[in-house]
Structure formats: C-alpha cells, structure tokens
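Following: one structure in structure tokens, then a few remarks.
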2 protein chains.
Amino acid sequence: MKLTSKGRYAVMALVDLARFDNINPVSLRDISLRQGISLDYLEQIFSKLKKNEIVKSIRGTQGGYVLNKNPNEIKLTNIFHAVDEKVKTVQCKKESKKGCNGKATKCITHNLWDELEIHINTFFENKSLKDLLNNNKETRV
Amino acid sequence: MKLTSKGRYAVMALVDLARFDNINPVSLRDISLRQGISLDYLEQIFSKLKKNEIVKSIRGTQGGYVLNKNPNEIKLTNIFHAVDEKVKTVQCKKESKKGCNGKATKCITHNLWDELEIHINTFFENKSLKDLLNNNKETRV
DNA sequence: AATAAACTTGACCATTTTAGTCGGGTATGT
DNA sequence: ACATACCCGACTAAAATGGTCAAGTTTATT
C-alpha cells in the first residue's frame, strides 16, 4: 500500500495556497518555488482541483488560484478524491455481486478490506485543510 | 493510495492455511486451487512468509506449509511487513534529519503522513488471523 | 532405489502506474 | 502589445506490479 506523490503534492499545494491567498490569488509558479514541485505537474493537479470546485482560477497577469471554500470545509477526502488518490483494494469489490477472483462468492478477506477502507476514510473525513494549517503554526524542525 | 495484490494474497493464503493445517501441512497447490492464486506467485509470497517466521515448511511428498504461531499471534502488521506491503509516504520521511524535498525543513504535511501511518498501523496491529477466521464463519454471500 | 510430490531459488517479462515533460494554446492586467 | 498566468492534450522514462519459467533439492511412498 502506498500513497502517491500526486495526493501529497495536492495537499502541500493547498496548504500553501491557504496560507497566502488572503490578499491576492496565488500563482502556481510561487507554489512551485516554495514547495519544490514541478510547475507542469502542478498544473495537472490544479486542473483537477478546479474541476472539483476546490479552487477557483483567475487568468491573466496577477492571476492565480484561490480557495473556493473555507479551509475547514475542505476535507482530505475531497482533495484525494479530486486528484484520484483513493484507497483501492485492487480487483476486489469491483463487481458488486459476482464476488472476487471470478468465483461466485466473496473472497475470504473481502470484509477486511471493507473495514480497512472505512477506517482510512474516517481519518480523511475528519481532517480538514484548517486542521493542517493550525497544526503547522507549530513547525518543529 | 492502493493496496497491492501481494498483501491481499498473503492474507487470503494464510486464512486458508489456518483453516486446513490442523491435521496435515497444506500444499501451495491446494491453496492455489482453492483461492485462485497462481502457484508460482504463491511460492514467492511464502518464501517471504517463511523468512519472517510466520510459517514453517515441510519438504517432500505430503509436505507443505503450516503456521509457525497461533492465529491470534499473527497480526496483519506481521503479514504485511513480511511481504513488503506497507504504508509508504514516498520520498517523505526517508532521511530522518534532512527534511523532505531536499530542503532543510520538514514539508508542511509531514506530520499528517505520520498521523495517517499510525492510524492505519493501529488497525493492522489490532487484527489477527484469528479475527479473520472468526469473522468468516459467518460467510455471507 | 525409483518416483513423484512438494518446497527453493533466481532470472525474466509484459503491463500498468507514476511522475513527470513538452508544446502548444488562451485570457487579461498593465 | 506584451508579459504573466492559466489551460489542455500528447508524450515518455522509470518504477512497480503481478506474474511466468526453468532448474534445482528434499523426502514420503512404493
């Protein structure tokens, strides 16, 4: 099981954005420089964040992105969902009634992955951008 | 984030093993047939389970594998660790003091992944093979 | 002693995913 | 007009994944 960089970058970028968008929109270039994430890659990520109405864009000079909601309304679930970062149990639970492994029954560990998924999603549901912002005022080395 | 088949197969195979090893060792061939997992792939997985002392092997005809511990002593953590299925935060947390992203500080979401990892591992620590066995007596469609 | 069942080991490989890059746009403030 | 910034789709190198294949060794049974 692994977390991909895409999800990590999305969260990093949004925390960065939340910190600086109070006055003006924040350009991806700035985020790129501050967070050390490739600009081109950020564009892909923000395209998805925009489609999912997590951020708004302002084009042209002095343009950039701003949050589309309050930081406490943006849960990690939303962010991960937007960039296709999700908990996958691979080939299990795809077909609802067919069972796994091409057999007629659920595989013997099926319920386990369900539980795990719920467990992880609960964590994501309960974390908002705001939590991360607060958590980070106390930046320890 | 995704769970790989290797981890899933390892758990499935061990549940299968736990059910049948009361009398005789269980051959991978049997597990392969019952669970629909490639025999060659199972061999790779069991090689790792054996190195981690989760199973013992008996060679020769009528040989096979048996559990090396009681089902309630085998936690999911142990299984996943054995087959290299673990929560990875990718490039974060590799260097202990250097920080992430090649900078001198921790990335702003560093603590988050720590928390998540703890959250998930807690789930794995608290689940044993025995739990899965019990859970499965009530096999619902 | 021969045989067959089963574990053991290591190399190999096709496919998919990941983490980008690249090249062209279009909109807009100055 | 021009620079800054978003927009969009195609492309790609490298890694991970989910295996396969071949050539063993061990041991119970006949």
Side-chain angles (χ1 to χ4, degrees), chain A residues 1-10 12-13 17 20-21 24-33 35-51 54-66 68 80 83-92 100-102, chain B residues 1-10 12-13 17 20-21 24-33 35-51 54-66 68 80 83-92 94 100-101:
Chain A
M1 181 162 58
K2 73 177 202 205
L3 273 163
T4 67
S5 287
K6 196 183 293 185
R8 212 175 101 242
Y9 286 170
M12 286 170 69
L17 183 58
F20 290 96
D21 81 343
N24 298 312
V26 180
S27 72
L28 294 188
R29 195 176 137 277
D30 286 352
I31 296 178
S32 168
L33 291 173
Q35 301 302 327
I37 305 168
S38 139
L39 176 60
D40 285 313
Y41 201 30
L42 272 180
E43 287 185 339
Q44 281 183 52
I45 292 169
F46 272 77
S47 160
K48 295 182 178 186
L49 292 175
K50 192 190 167 188
K51 269 181 201 142
I54 291 170
V55 297
K56 279 184 299 192
S57 66
I58 292 107
R59 306 186 84 179
T61 319
Q62 301 298 91
Y65 287 93
V66 288
N68 199 19
F80 282 162
V83 299
D84 303 312
E85 178 84 284
K86 49 197 160 192
V87 182
K88 284 179 262 183
T89 7
V90 192
Q91 273 186 345
C92 225
C100 328
N101 294 330
Chain B
M1 180 160 58
K2 73 178 204 207
L3 273 163
T4 67
S5 288
K6 197 181 293 186
R8 210 174 103 244
Y9 287 168
M12 288 169 69
L17 183 59
F20 291 95
D21 80 343
N24 297 315
V26 180
S27 71
L28 294 189
R29 194 177 138 277
D30 287 352
I31 297 178
S32 167
L33 291 173
Q35 302 302 327
I37 304 169
S38 138
L39 176 59
D40 285 313
Y41 201 30
L42 273 180
E43 288 181 339
Q44 281 182 50
I45 292 169
F46 272 76
S47 160
K48 294 181 180 188
L49 292 175
K50 192 188 167 191
K51 269 182 201 142
I54 292 170
V55 297
K56 279 184 299 194
S57 66
I58 292 105
R59 307 185 85 180
T61 321
Q62 303 295 90
Y65 287 92
V66 288
N68 199 18
F80 283 163
V83 299
D84 302 313
E85 178 84 281
K86 48 196 159 189
V87 182
K88 283 179 263 183
T89 8
V90 189
Q91 274 186 347
C92 226
K94 286 278 174 62
C100 328
N101 294 328

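Below, read A as the first sequence line, B as the second, and so on, with proteins coming before strands; counting in each chain starts at 1.
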Asp84(A) with Lys48(A): basic N within carboxylate O range, under 4.0 Å: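 Yes.
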- prompt: What pairs of residues pass the side-chain hydrogen bond (donor to acceptor under 3.5 Å, both in side chains) test when at least one of them lies in residues 36-47 of chain B, not counting sequence neighbours?
  reply: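 As it turns out, there is no side-chain hydrogen bond (donor to acceptor under 3.5 Å, both in side chains) pair with a partner in residues 36-47 of chain B once direct neighbours are skipped.
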Nearest-Å distance for atom pair [atom1]/[atom2], residues [X] and [N]:
X: Leu39(B); N: dA5(C); atom1: CG; atom2: C1'; answer: 12 Å
X: Ile37(B); N: dG19(D); atom1: CD1; atom2: P; answer: 9 Å
X: Tyr9(A); N: dT18(C); atom1: OH; atom2: P; answer: 14 Å
X: Asn24(A); N: dT30(C); atom1: CG; atom2: P; answer: 10 Å
X: Leu49(B); N: dT9(C); atom1: CG; atom2: P; answer: 14 Å

query: Has Lys6(B) got a side-chain N or O lying under 4.0 Å from the OP1 or OP2 atom of dA16(D)?
result: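 No.
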message: Looking at dA19(C), I'd like to know if its phosphate oxygens (OP1 or OP2) sit under 4.0 Å from a side-chain N or O belonging to Ser5(A).
response: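 Result: yes.
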- prompt: Quick one: side-chain hydrogen bond (donor to acceptor under 3.5 Å, both in side chains) partners of Ser57(A), sequence neighbours excluded?
  reply: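 Ser57(A) satisfies side-chain hydrogen bond (donor to acceptor under 3.5 Å, both in side chains) with Lys50(A) once adjacent residues are dropped.
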task: Please work out which residues in residues 40-48 of chain B have a non-hydrogen atom less than 4.0 Å from an atom of DNA chain D and list them by number.
output: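 Listed by number, they are Asp40(B), Tyr41(B), Gln44(B).
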query: Between dA19(C), dT20(D), dC7(C), which nucleotide has the shortest distance from any of its atoms to the side chain of Ser38(B)?
result: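 Out of dA19(C), dT20(D), dC7(C), the nucleotide with an atom closest to Ser38(B)'s side chain is dT20(D).
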- prompt: Sequence neighbours excluded, which residues qualify as side-chain contact (heavy atoms from CB on, under 4.5 Å) partners of Arg29(B)?
  reply: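 side-chain contact (heavy atoms from CB on, under 4.5 Å) list for Arg29(B), sorted by chain: Ser27(B), Leu33(B).
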- prompt: Shortest non-hydrogen contact from Leu17(A) to Tyr65(A)?
  reply: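 Residues Leu17(A) and Tyr65(A), closest heavy atoms: CD1-O, 3.2 Å.
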query: So, for Ile37(A) and Leu42(A), which heavy atoms are closest and what is the spacing to 0.1 Å?
result: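 The pair with the smallest heavy-atom distance is CG2-CG, 3.8 Å.
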When you compare the protein's N or O atoms with those of nucleotides 1-5 of chain D, which come within less than 3.5 Å of each other, and at what distance?
{"residue": "dT4(D)", "atom": "O2", "partner": "Thr61(A)", "partner atom": "N", "Å": "3.3"}

- request: Would you mind reading off the bend of the helix from dA1(C)-dT30(D) to dT30(C)-dA1(D) from its two end axes, five pairs each, to 10 degrees?
  value: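 Its terminal axes enclose an angle near 0°.
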